[in-house]
Amino acid sequence: QVPPGRCSLFDPAFSAREAAALAELGLRLLPDNEEGKHGIEGSATLFYMVHCGKALYNNLLWRNWSAGALSKMVIVGNSFKGIEERLLSRILERDYSYIAKVLKGTEEVALPAHPQYLDTFNDTSVHWFPLQKLQELSPEVWDFVQEPTYEECEIIRKEDGADRRSPAAAE
């Protein structure tokens with residue numbers, strides 16, 4: 001069991017009341033909107049990112065772009081296979097290159113759909129990145145480490161001032 005103090009949370013839409021309740025439960029609230037660019041800092045980490053935009057996943061992968069770091073991550077979120085199926089490959093490679101590059105190094109298992117929420121949680125999967133599969137990717141995959149940029153994307157930007165929590169609630 002993971003102690004609550006080792007669980008970090010962030011959602012730019014948390015109200016001050018929600019942030020206070022989570023802090024009261026002993027959960028660690030990240031103070032800044034990292035736009036998904038959260039480094040695991042060498043620790044095994046589970047990311048619960050259900051219904052997040054593609055840019056958040058892409059940013060998370062970029063920030064941890066090494067076989068060693070990715071192999072310590074598990075992501076519960078939108079299906080990468082589904083993203084690949086729904087986007088033109090040129091768009092996937094241009095706009096979400098880290099998702100595109102890691103697909104062959106990813107294991108993914110779809111979570112069962114709940115009959116009551118078929119339209120809501122119908123594309124959720126557990127993703128992990130076995131070290132052996134990552135090491136089999138071509139060396140060129142790991143060479144490109146440019147920070148992603150987006151013309152338009154579905155994430156709340158930190159410069160938009162969208163971190164609505166008050167400083168007191170974030171402590």
Side-chain angles (χ1 to χ4, degrees), residues 1-12 27-28 30 32-114 117-158:
Q1 186 177 16
V2 178
R6 298 242 359 239
C7 296
S8 300
L9 303 166
F10 184 83
D11 189 327
L27 300 167
R28 182 175 166 259
L30 297 175
D32 299 314
N33 181 353
E34 297 176 336
E35 298 179 353
K37 300 171 189 170
H38 186 77
I40 65 162
E41 312 306 334
S43 298
T45 305
L46 169 70
F47 290 91
Y48 182 78
M49 301 175 66
V50 177
H51 288 296
C52 289
K54 296 175 285 297
L56 283 175
Y57 299 108
N58 200 58
N59 285 351
L60 177 65
L61 295 169
W62 166 77
R63 177 62 176 82
N64 295 286
W65 196 246
S66 73
L70 293 175
S71 67
K72 293 179 181 175
M73 291 173 44
V74 173
I75 301 172
V76 178
N78 300 349
S79 169
F80 285 9
K81 290 177 187 172
I83 291 170
E84 179 185 32
E85 290 168 2
R86 286 186 295 278
L87 278 181
L88 294 172
S89 60
R90 67 180 169 81
I91 305 282
L92 179 64
E93 291 168 15
R94 181 193 70 202
D95 296 345
Y96 309 104
S97 62
Y98 293 94
I99 295 172
K101 291 189 284 189
V102 83
L103 285 169
K104 290 183 178 155
T106 305
E107 291 288 331
E108 177 177 330
V109 174
L111 294 179
H114 188 283
Y117 304 105
L118 286 176
D119 60 339
T120 308
F121 296 104
N122 61 351
D123 194 36
T124 305
S125 293
V126 178
H127 308 81
W128 67 98
F129 311 92
L131 184 58
Q132 182 176 343
K133 283 184 92 167
L134 294 171
Q135 290 173 334
E136 291 170 3
L137 298 177
S138 71
E140 296 81 41
V141 164
W142 305 106
D143 290 342
F144 182 78
V145 291
Q146 183 175 341
E147 183 172 359
T149 58
Y150 309 97
E151 292 295 318
E152 294 181 26
C153 69
E154 58 281 313
I155 64 174
I156 297 173
R157 306 273 191 164
K158 62 183 168 189

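One-based numbering along the sequence shown.
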Quiz prompt | Nearest-0.5 Å distance, CD1 of residue Ile40 to CG of residue Leu46 | solution = 12.0 Å
Practice problem: Mind checking the CZ-CG spacing from Arg94 to Leu87? Nearest 0.5 Å is all I need. | Solution: 10.0 Å
Quiz prompt | Gap between atom CG of Leu70 and atom CG of Leu60 - 0.5 Å precision | solution = 8.0 Å
Quiz item: Can you name the closest pair of heavy atoms from Glu108 and Ser125 and give their distance?
Solution: OE2-OG, 3.0 Å
Exercise. Would you please name every residue forming a side-chain contact (heavy atoms from CB on, under 4.5 Å) with Lys101, sequence neighbours left out?
Key: Trp65, Ser97, Tyr98, Val141, Phe144
Quiz item: Do Glu147 and Lys37 sit within salt-bridge range, that is, some charged N less than 4.0 Å from a carboxylate O?
Solution: yes
Quiz prompt | For Asn78, side-chain contact (heavy atoms from CB on, under 4.5 Å) partners two or more places apart | solution = Tyr57, Asp123
Exercise. Could you pull out the closest heavy-atom pair between Pro130 and Glu107, with the gap in Å?
Key: CG-CG, 3.5 Å
Self-check item: ring-ring contact (aromatic ring centres under 6.0 Å, His included) partners of His127, counting only residues at least two apart
Solution: Phe80
Quiz item: Short question: side chain of Asn33, backbone of Glu35 - any donor-acceptor pair under 3.5 Å?
Solution: yes
Practice problem: Heavy atoms only: give me the nearest Arg63-Gly39 pair and the separation to one decimal. | Solution: CG-N, 3.6 Å
Quiz item: Which heavy-atom pair separates Leu92 from Ala100 by the least distance, and what is that distance?
Solution: CG-CB, 3.7 Å
Practice problem: State, with a plain yes or no, whether a side-chain heavy atom of His38 is found less than 4.5 Å away from one of Phe47. | Solution: yes
Quiz item: Which atom names give the shortest non-hydrogen contact between Val2 and Cys7, and what distance separates them?
Solution: CG1-SG, 3.8 Å
Practice problem: Quick one: pull up CZ in Arg86 and NZ in Lys54 and give me the separation to the nearest 0.5 Å. | Solution: 8.0 Å
Quiz item: What distance separates Leu103 CG from Tyr96 OH, expressed to the nearest 0.5 Å?
Solution: 14.0 Å
Quiz item: Which heavy atom in Asp95 sits nearest to a heavy atom in Asn58, and how many Å separate them?
Solution: O-ND2, 3.8 Å
Practice problem: Measure the spacing between CG of Leu134 and OG1 of Thr106 and express it to the nearest 0.5 Å. | Solution: 7.0 Å
